[in-house]
Amino acid sequence: MFLAMRAAVEETLAATLDRLGYPTDDLGIEQPPDDIDAVLASSAAFRLAGEAGAPPPKVAAEIADAFDAADCQYIDRVDTQGPYLNFWPSEQYFEHVLETGQDDDYGALPDRETSVVVEHTSANPTGPVHVGRARNPIIGDAVANLLDYAGYDVERHYYVNDAGRQIATFTWAYETFDESELPEPERESPEYEMVRYYRKANTYLEDEADEAEIEAAEAEIQSIMQGLEAGDEAAYERVSEVVDTVLDGMYATLKRLPATFDEFVKETRFMRDGSTDDVIERLKETEYAVYDEDAWQLDLPDIDKNLVFVRGDGTSLYTTRDLAHHEWKFDNFDEAVTVLGEDHELQARQLKSALEILGNDTDRLQTVHYSWVTLPEGGMSTREGTGVDLDDLLDEAIARAREEVEDRLDDRIRDDDLTEDDIDRIAHQVGIGAVRYDIVSKQPTKGITFEWERALDFEAQSAPYVQYVHARASGILAEATDGEGINADQAVTELDSRALDTPSERELLRQIARFPAVIETAADDLHPHAVATYTREFAEAFNAFYRECPVLDAPADKQGARLALVVAARQTIGNALDVLGIEAPDSM
RNA sequence: GGGCGUGUGGCCUAGUGGACAGGGCGAGAGGUUCCUAACCUCUCGAUCCCGGGUUCGAAUCCCGGCACGCCCGCCA
């Protein structure tokens, strides 16, 4: 609705400017400030003042006079305030918002017939998922949801590093050390049990082993890597046992968020199918290839650092395999999005540059970078075992949410008798929602210092604040359905938006109307946090309506329309939360 | 040293060329016989890191600093 209205305004405004003899390249369409109830504004008069030889307000008035609102769908009239043009919506606009806002898929944009693969998380399968990298699955999942809503055909991939040095080392350690040499696992889950071998390998090689022992270990690690490079089945199986076990455990944690994947794509796949070798051969033939100190490197334009693509020992590197991986993505998808930590920034640029050299159109590849979550005392590391495990954070979040629910039980006004299952459900929805919202609502590029109190604040700008809107709307509708005399179907069929004439009702309609446009720009920018900002603004509008407009006790001539408004509002906030990957509780 | 990113009231954060910089936390004062008070209303609080520049107009763009984070491995 908003999108159609905006398109109509753009078209009509352009035609108007053209008729007046002004250039139409800058329409200056923008959102009016909060205290102006217009749906759209334009600041074009500023730029046209010079050309017109008249002050901006005068130009604005001239344009407003010439603008024929009758030509413009959903627009009732245009007026000016100083140099600004304000466009006012027609009743038909609100009527359509009230109608379409009730659709299950409200906010979802038309199919673009474009496939996109969203790769995120892709954490090395070395141990438990910790909070330092928790931004990746949360942002990645939201980006995937967002693109899905925006009309793309989305697949979610986790790229599994099962071929690197770290994994060879891990495999060697798993086969070498006895469990009796290891500390108790922090949890009874495969990745917590397995990471002990990995940590042991690192302390052993760094501090405990003598030179001969290091050499022996090194030889074994080398043989695993060489085996993988040669496509040797036995080497692959040795590594797979470790990788698959750890990955299963990590996935179980990620599912709690929930972050799910359509496919786990293993690096070794691109060694076994020969595509990595193919990339290497093609790179060697380019003008950028240099052979230096036994290694093949790429002297990339615009990047100072050479990209080594074949080691002195003949094995490939992570980025080499990632090149084959990305060509595979280009073969199978129209577009690719990767969510990466800021530490991969240089590597991502090298990858893109090398892909370009290989003849790929890298405009099809976009990356979203995020900064690490750090502790007040510093970074988190799987290898060193420092940091907060995501499982612990989620457990704590759920426990605190449960306390909140139980504390509130006594002074609940509504006698809906929450069962033990309800309390459990709410604790999960709110606890996990709070963690996700805290992360997804911020610009990914900003650094986050993890603090328990801040991450688990259930008040104000948080998931529960937004979820509460959904619960309130659901409560009204539940009451309406089994209450006396109100037919739930009435909500859907009663579309007299004219009855919704108070400022708070109008504002809520305007907020509902914005949602598809929010999806569109957030998807274009790959900015899921823009949707989080929207949910907050939406919640404010809903709460104002809730305070001022009774629904169940509304005058007879308004009740149907208000119920329809509540249905639309509930649908909108539910879908917005869905984009963010946050559950929308029916009660809390 | 070089590259990338970030810098907004005491703290956290939105806003990346246009209408008085929007929220939250915090502090203070109110609000529930009425659909859930995880809510709402009011008050307090900002040299938008600093200095130049572009523009009718800059938190936003450009240049130069400063501070913090990340990267600069034949690791990933």
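The structure displayed is predicted, hence computed values, not measured ones. Chain A is the first sequence line, chain B the second, and so forth, proteins listed ahead of strands; every chain is numbered from 1.
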Problem set entry | rC48(B) to rG22(B) separation - C1' atoms, rounded to the nearest Å | 13 Å
For this session: Give Ala41(A) one of three labels, base, sugar-phosphate or nothing, depending on what nucleic acid heavy atoms sit under 4.0 Å from its own.
Result: base
For this session: Provide the distance between the two P atoms, one in rA14(B) and one in rG51(B), to the nearest whole Å.
Result: 24 Å
For this session: Keeping the roles fixed (side chain from His130(A), backbone from Gly132(A)), state whether a donor-acceptor pair exists under 3.5 Å.
Result: yes
Exercise. Is there a Watson-Crick or G-U wobble partner for rA37(B) with both distances under 3.5 Å, and if so, which one is it?
Worked result: none
Exercise. Taking the P atom of each, how far is rC50(B) from rA58(B), in whole Å?
Worked result: 15 Å
Problem set entry | Residue-phosphate contact under 4.0 Å: Gln31(A) side-chain N/O, rG15(B) OP1/OP2 | no
For this session: For Pro55(A), report the nucleic acid contact type (base, sugar-phosphate, nothing); a contact means any heavy atom under 4.0 Å.
Result: nothing
For this session: Could you check how far CG of Asn136(A) sits from P of rC70(B), rounded to whole Å?
Result: 17 Å
For this session: Classify the nucleic acid contact of Val405(A) as base, sugar-phosphate or nothing, counting any heavy atom under 4.0 Å across all strands shown.
Result: base
For this session: Measure from the side chain of Arg472(A), starting at C-beta and using heavy atoms only, and say which of rA19(B), rC35(B), rC39(B) lies closest.
Result: rC39(B)
Problem set entry | Assigned partner base of rC74(B), Watson-Crick or wobble definition, under 3.5 Å | none
For this session: For the residue pair His529(A) and His527(A), categorise the inter-ring angle as parallel (less than 30°), tilted (30 to 60°) or perpendicular (more than 60°).
Result: tilted
Exercise. With both distances under 3.5 Å as the test, what is the Watson-Crick or G-U wobble partner of rU60(B)?
Worked result: none
Exercise. Rounded to the nearest Å, what distance is computed from the CG atom of residue Asp407(A) to the P atom of nucleotide rC39(B)?
Worked result: 15 Å
Exercise. At under 4.0 Å, does any side-chain N or O of His529(A) touch on OP1 or OP2 of rG15(B)?
Worked result: yes
Where do N or O atoms of nucleotides 21-24 of chain B meet protein N or O atoms at under 3.5 Å, pair by pair?
unit_1, atom_1, unit_2, atom_2, d
rG23(B), O2', Gln461(A), NE2, 3.0
rG23(B), O2', Arg536(A), NE, 3.3
rG23(B), N2, Gln461(A), OE1, 3.1
rG23(B), N3, Gln461(A), NE2, 2.8
rG24(B), O4', Gln461(A), NE2, 3.1

Exercise. Whole-Å distance between rA38(B) C1' and Ile426(A) CD1?
Worked result: 11 Å
Exercise. Mind checking the C1' distance from rG17(B) to rC61(B)? Whole angstroms is fine.
Worked result: 8 Å
For this session: Have a look at Arg349(A) and say if it touches a base, only the backbone sugar-phosphate, or nothing, with a 4.0 Å heavy-atom cut-off.
Result: sugar-phosphate
Seminar exercise, completed: In B/S/- notation (B base, S sugar-phosphate only, - none; protein heavy atoms under 4.0 Å), nucleotides 71-76 of chain B written 5' to 3' is SSSBBB
Exercise. Considering only the C1' atoms, how many Å lie between rC49(B) and rG31(B), rounded to the nearest integer?
Worked result: 41 Å
For this session: Grab the CD-P distance between Glu548(A) and rC35(B) for me, whole Å please.
Result: 16 Å
Exercise. According to the Watson-Crick and G-U wobble definitions, with both distances under 3.5 Å, which nucleotide is paired to rU6(B)?
Worked result: rA67(B)
Exercise. Can you check the Leu48(A) CG to rU55(B) C1' distance for me, whole Å?
Worked result: 16 Å
Exercise. For Phe46(A), which contact category applies under a 4.0 Å heavy-atom criterion: base, sugar-phosphate, or nothing?
Worked result: base
Problem set entry | Under 3.5 Å on both distances, the Watson-Crick or G-U partner of rC44(B) | rG26(B)
For this session: Decide yes or no on side chain to side chain donor-acceptor pair (under 3.5 Å) for Thr535(A) and Tyr437(A), but give the supporting numbers first.
Result: CA-CA 10 Å; Thr535(A) 60; Tyr437(A) 196 89; 3.0 Å; yes
Exercise. Which distance, rounded to the nearest 0.5 Å, do you find between the CG of Asn124(A) and the CG of Leu247(A)?
Worked result: 10.5 Å
For this session: Rounded to the nearest angstrom, tell me the gap between atom NZ in Lys442(A) and atom P in rG7(B).
Result: 14 Å
For this session: Please state the C1' separation for the pair rU60(B) and rU16(B) - nearest whole angstrom.
Result: 4 Å
For this session: Could you work out the separation of rG7(B) and rA27(B) based on their P atoms and round it to a whole Å?
Result: 27 Å
Exercise. Charged N to carboxylate O under 4.0 angstrom, Glu62(A) versus Lys58(A)?
Worked result: no
Exercise. Is the shortest side-chain N/O distance from Tyr465(A) to OP1 or OP2 of rC40(B) below 4.0 Å?
Worked result: yes
For this session: Return yes if some donor-acceptor pair links the side-chain N/O of Ser474(A) with the main-chain N/O of Ser587(A) below 3.5 Å, else return no.
Result: no
Exercise. From rC56(B), rA19(B), rA38(B), pick the nucleotide closest to the side chain of Glu30(A)?
Worked result: rA19(B)
Problem set entry | Nearest-neighbour nucleotide for the Thr445(A) side chain, rG5(B), rA14(B), rC40(B) considered | rG5(B)
Exercise. Can you tell me how far P in rG9(B) sits from the matching atom in rG15(B), rounded to whole Å?
Worked result: 16 Å
Exercise. To the nearest Å, how far apart are Phe458(A) CZ and rC39(B) P?
Worked result: 12 Å
For this session: Side chain of Ile36(A) only, please: which of rC39(B), rA38(B), rA19(B) is the nearest?
Result: rA19(B)
For this session: Measure the distance from NZ on Lys446(A) to P on rC68(B) and round it to the nearest whole Å.
Result: 18 Å
